[in-house]
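Heads up: the structure comes next, in structure tokens.
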Amino acid sequence: MAIDFAIADKRITFVTFLLPPSRKNLGALRKLGAKHIGEIECEDAQFLKFRLDTE
């Protein structure tokens, strides 16, 4: 529902997902078209960062 909202609102050009590196099943994100754009650290925790363009 949130992704549909982002797609409908032209002010939202992309959605970012942060997932723990232990997350191995990423097929759903890939089916949506999300691209892995790197890894980030937040409060001493590592995350995989994905971006889904909504335009």
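If you're wondering where the values come from, they're calculated on a predicted model, not measured in any experiment.
For the atom pair SG (Cys42) and NZ (Lys49), the distance works out to 10.5 Å, reported to the nearest 0.5 Å. To the nearest 0.5 Å, atom CG of residue Leu29 and atom NE2 of residue His36 are 10.5 Å apart. In this structure, CD1 on Ile12 lies 13.0 Å from CG on Asp53, to the nearest 0.5 angstrom.
Contact record, Asp9 with Arg11: OD2-NH2, 2.8 Å, taken as the closest heavy-atom pair. Annotation for Lys10 and Glu55: closest pair O-OE2, 4.4 Å, computed over non-hydrogen atoms. Among all heavy-atom pairs drawn from Pro20 and Leu48, the shortest one is O-CD1, 4.0 Å. Nearest heavy atom pair, residue Thr54 against residue Phe14, reads OG1-N, 3.6 Å. When all heavy atoms of Leu52 and Leu32 are compared, the pair lying nearest together is CD1-O, 3.3 Å. The minimum heavy-atom distance linking Ala34 with Phe50 is given by the pair CB-CB, 4.3 Å.
With hydrogens and angles disregarded, no donor-acceptor distance shorter than 3.5 Å links the side chain of Thr16 to the backbone of Arg51.
Both Leu26 and Val15 are part of a single hydrophobic cluster, where members link through side-chain heavy atoms under 4.5 Å apart.
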